[in-house]
*Asks:* 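Have a look at this one before I ask anything.
Please read these numbers as outputs of a predicted model, since none were measured by experiment. First the proteins, then the strands, lettered A, B, ... as listed; each starts at 1.
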Number of protein chains: 2
Amino acid sequence: MKPTIYDVAREAGVSIATVSKVLNNQRVGKKSKEKVLQAMKKLNYKPSVLASALTGKQTSTIGFLLPDLANPFIAEMARRVEDRAYERGYNLVICSTDFEPEKEAFYVSLLKQKSVDGFIIAGGFKNVEVVTELLEEQFPVVLLGESYPSLSINSVKVDDFMGGYEVTSFLTSLGHKKIAVIGEEASSSQERIKGYKQALRDQQLPVHEELIVISSQTNIESVERLAGKLLDLPEPPTAIFACNDILAIGVVLAARQRDRRIPDHLSIVGFDNTFLSRSSDPPLTTVQQPIQDLCFQAFDMLVEEIQGKSKLRQRVVLLPELVVRKSTSAPRKKS
Amino acid sequence: MKPTIYDVAREAGVSIATVSKVLNNQRVGKKSKEKVLQAMKKLNYKPSVLASALTGKQTSTIGFLLPDLANPFIAEMARRVEDRAYERGYNLVICSTDFEPEKEAFYVSLLKQKSVDGFIIAGGFKNVEVVTELLEEQFPVVLLGESYPSLSINSVKVDDFMGGYEVTSFLTSLGHKKIAVIGEEASSSQERIKGYKQALRDQQLPVHEELIVISSQTNIESVERLAGKLLDLPEPPTAIFACNDILAIGVVLAARQRDRRIPDHLSIVGFDNTFLSRSSDPPLTTVQQPIQDLCFQAFDMLVEEIQGKSKLRQRVVLLPELVVRKSTSAPRKKS
DNA sequence: ATAGCTGGTGTAAGCGTTTCCAAAACATTC
DNA sequence: GAATGTTTTGGAAACGCTTACACCAGCTAT
């Protein structure tokens, strides 16, 4: 059987209290400490996290809620968060919620039963009650990549409004006047679209509601269909701003199917700067999110709260950066 | 504070043993059961997994070791495994090992301290000692996507040899005689390359060692460089078989940079059929892995072992399927 | 009426830790 | 060498649950 603290105590000829103290780096006589260390090594003893958590210590496990791990941007976030967790001695329990409120509730409840130390919620959530409850219980939570204005909750995200604004300004500066946007339901998309609208207004360009499209499905085929509709308009846009790189790829596919050359016939801009935007043909102009900083900050913020070091809630907003590649150019002159 | 079993017992006017029995669906009088259920609801009681695991029950948490979550194929596997875990009431702790033996050892040790019920190891591992130890301890483990012939360990994977064989036969059937292959160090790549060699031999075609390239780096730039070298050969191959879709994208980029048309100048085949192969231009011929079946079977096999239902170890091998798209054609006639 | 069952319930020990507190050991001072 | 102070140690309770076992009613069968 696995050795317990009793076995170590017996082997070392001390009490379990003493063993526990060397485990937790408390004052212990030099000789006892030595003996205990020896015994631990000899028995290959590893304390049970379960038992120690039961007495009030933490589990060093945190719940990571995300909409869908198969989404490359989300997966990359997960990877970064996990890197940080590893550095700091934490483990991550991954939960794909698919934006289903029931799944969110289920996972949160289950992970609470498993005594996780806190939650990171990436990419948004639907079940406001659950999150509110967490907050009321003072359960450590931080939002990653999204914020929720009406809730007093820690969050780390990029300035989506500004991202949308920059993309659109860049396109207008190239001479585009008819710019469509395709987004998702997530609030980050909504912010990017607000930035888009504002940029158009600032350039005294009209905002056409029919050029603003929301995709409720994540799969690429449905995106392709939506983008197709835009392209099949009698007066199609000369540029499309996709609120993330996957959407942008969908637009690329739709354009390709219709033999529209990118960027000659159609300029496309993505968002996130995942490696999709680099591998695409032509490589996509997109908006770079400082993923690593976002993830590290979010994680550190959570740990601060877990350790009770900081009580104050905060919203951190980092700045995105436009990365210009080959999918954008001035519109063709009307012939 | 969170209610405990004592609170429920007091509220219901019964002993904690009775409460525990209703929790575990053991015989309890109808009336008591009713009272207990009422009390649980009233107090919103959720039993602590920690405490019950301490008494010998399981944690319903399993460790999922994988090389890198940012790899789309791996991420998709993670997603599927997690779906199954959700269905069966388990949680997944994600651990990216980057093929570093120390990380593998660290995670396994830590998760054992946290009393996970078992491990799934996806995409291979380096630290044979750790895995061997797990096996000796009868710890439930299953390998996903790889196998390890010299170890008596459960595994679920696709027939990589056959996949490589099929790809290569397909290319020779199109008329290609000079076919390069680019793989990774993982044993699955090695198997695919063996299949490639066998297919060439079966067609009486020579195996040129200089056309067999192993990429030790995962990042796309280095792949591009390696592929570039192949293309810059005085007598370049007319087709390249990439052992996974990411590698294939690297090859596409290298070809594009050199203005080789795909498939006219160069045929490319990938492996895995991730959505990269669909979004690429042209869409890639690739080999489809039945990811969902692989993942579900692996998970179910693990659960069987955890529940002690099946003691016998097995290796499951599923069959891959060639998906022909637009990145392959007959080679151009020499002019 | 009594012995023998049976199903329902409760008592208490145990799981592997941490921690409070008192006791023991040692060191210091006069 | 006694009195005091300072470490170092260990006993025991607590964390929230499961479970072996004992107990007790209410039965049936004799």
*Asks:* Measure the spacing between CD of B/Glu129 and CD of B/Glu104 and express it to the nearest 0.5 Å.
*Replies:*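 With rounding to 0.5 Å, CD (B/Glu129) is 10.0 Å from CD (B/Glu104).
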*Asks:* In whole angstrom, what separates A/Lys35's NZ from D/dT9's C1'?
*Replies:*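 Whole-Å distance recorded here is 11 Å.
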*Asks:* For the pair made of NZ in A/Lys31 and P in D/dT7, what is the distance, rounded to whole Å?
*Replies:*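 One finds 19 Å between P of D/dT7 and NZ of A/Lys31, rounded.
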*Asks:* Round to the nearest Å and state the distance from A/Met1 atom CE to C/dG14 atom P.
*Replies:*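 Spelled out: CE on A/Met1 to P on C/dG14 is 16 Å.
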*Asks:* Apply salt bridge (charged side-chain N to carboxylate O under 4.0 Å, His left out) to A/Arg80 and list each qualifying residue two or more places apart in sequence or on a separate chain.
*Replies:*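 So A/Arg80 forms a salt bridge (charged side-chain N to carboxylate O under 4.0 Å, His left out) with A/Glu76.
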*Asks:* Could you state the CZ-C1' distance from B/Arg27 to D/dT19, rounded to the nearest angstrom?
*Replies:*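 Atom CZ in B/Arg27 sits about 17 Å away from atom C1' in D/dT19.
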*Asks:* Round to a whole Å and report the spacing from CD of B/Gln26 to P of D/dT18.
*Replies:*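 Going from CD in B/Gln26 over to P in D/dT18 covers 9 Å.
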*Asks:* If you look only at pairs with a residue in residues 40-57 of chain A, which of them pass as a salt bridge (charged side-chain N to carboxylate O under 4.0 Å, His left out), with sequence neighbours excluded?
*Replies:*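 Residue pairs passing salt bridge (charged side-chain N to carboxylate O under 4.0 Å, His left out), neighbours aside: A/Glu11-A/Lys42.
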*Asks:* For B/Asn24 and D/dG16, what is the distance between atoms CG and C1' respectively, to the nearest whole Å?
*Replies:*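 In whole Å, D/dG16 C1' and B/Asn24 CG are 13 Å from each other.
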*Asks:* In whole angstrom, what separates B/Arg10's CZ from D/dC17's P?
*Replies:*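 The answer, rounded to whole Å, is 13 Å.
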*Asks:* Enumerate the residue pairs fulfilling salt bridge (charged side-chain N to carboxylate O under 4.0 Å, His left out) with a member in residues 131-146 of chain B, sequence neighbours excluded, ordered by first and then second residue.
*Replies:*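 Non-adjacent pairs meeting salt bridge (charged side-chain N to carboxylate O under 4.0 Å, His left out): B/Lys112-B/Glu133, B/Lys112-B/Glu137.
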*Asks:* Who passes salt bridge (charged side-chain N to carboxylate O under 4.0 Å, His left out) against A/Asp98, sequence neighbours left out?
*Replies:*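 Salt bridge (charged side-chain N to carboxylate O under 4.0 Å, His left out) check on A/Asp98 returns A/Lys103, B/Arg79.
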*Asks:* Write out all pairs satisfying ring-ring contact (aromatic ring centres under 6.0 Å, His included) with one or both partners inside residues 75-94 of chain B, taking only residues at least two apart or from two chains.
*Replies:*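 Sorted result for residues 75-94 of chain B: A/Phe106-B/Tyr86, A/Tyr107-B/Tyr86, B/Tyr90-B/Phe299.
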*Asks:* Using a 3.5 Å cut-off and no angle test, enumerate the donor-acceptor pairs between side-chain atoms of residues 148-156 of chain B and protein atoms at least two apart in sequence or in another chain.
*Replies:*
unit_1	atom_1	unit_2	atom_2	d
B/Ser152	OG	B/Arg313	NH1	3.4
B/Asn154	OD1	B/Gln314	N	2.8
B/Asn154	ND2	B/Glu305	OE1	2.6

*Asks:* For a quick test of reading the model, state the closest non-hydrogen atom pair linking A/Asp117 to A/Ser60 and the distance between them.
*Replies:*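 Smallest heavy-atom distance, with atoms named: OD2-N, 2.7 Å.
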*Asks:* Who are the salt bridge (charged side-chain N to carboxylate O under 4.0 Å, His left out) partners of A/Glu304, not counting sequence neighbours?
*Replies:*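 A/Glu304 satisfies salt bridge (charged side-chain N to carboxylate O under 4.0 Å, His left out) with no residue once adjacent residues are dropped.
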*Asks:* Rounded off to whole Å, could you give me the CG-to-C1' distance for the A/Asp7 and C/dT17 pair?
*Replies:*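 These atoms are roughly 13 Å apart.
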*Asks:* What pairs with A/Ala12 under side-chain contact (heavy atoms from CB on, under 4.5 Å), at least two apart in sequence or on another chain?
*Replies:*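 By the side-chain contact (heavy atoms from CB on, under 4.5 Å) rule, A/Ala12 matches A/Val14, A/Lys35, A/Val36, A/Ala39.
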*Asks:* Which of residues 44-62 of chain A sit near DNA chain D, with a heavy atom under 4.0 Å from it?
*Replies:*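 The answer is A/Leu54, A/Thr55.
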*Asks:* Could you tell me which residues satisfy ring-ring contact (aromatic ring centres under 6.0 Å, His included) with A/Phe296, sequence neighbours excluded, listed by chain and number?
*Replies:*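 With neighbours one apart ignored, the set is empty.
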*Asks:* Give the nucleotide from the list D/dG16, C/dT17, D/dT9 with an atom nearest to the side chain of A/Ser32.
*Replies:*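 Looking only at heavy atoms from C-beta outward on A/Ser32, the closest nucleotide is D/dT9.
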*Asks:* Scan nucleotides 10-13 of chain D against the protein and return all N/O pairs shorter than 3.5 Å with their distances rounded to 0.1 Å.
*Replies:*
unit_1	atom_1	unit_2	atom_2	d
D/dG10	OP2	A/Ser15	N	2.9
D/dG10	OP2	A/Ser15	OG	3.4
D/dG10	OP2	A/Thr18	OG1	2.8
D/dG10	O6	A/Lys21	NZ	2.9

*Asks:* Report the end-to-end axis angle of the helix from C/dA1-D/dT30 to C/dC30-D/dG1; each axis comes from five terminal pairs, and the value is rounded to 10°.
*Replies:*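 The helix from C/dA1-D/dT30 to C/dC30-D/dG1 shows an end-to-end axis angle of 50°.
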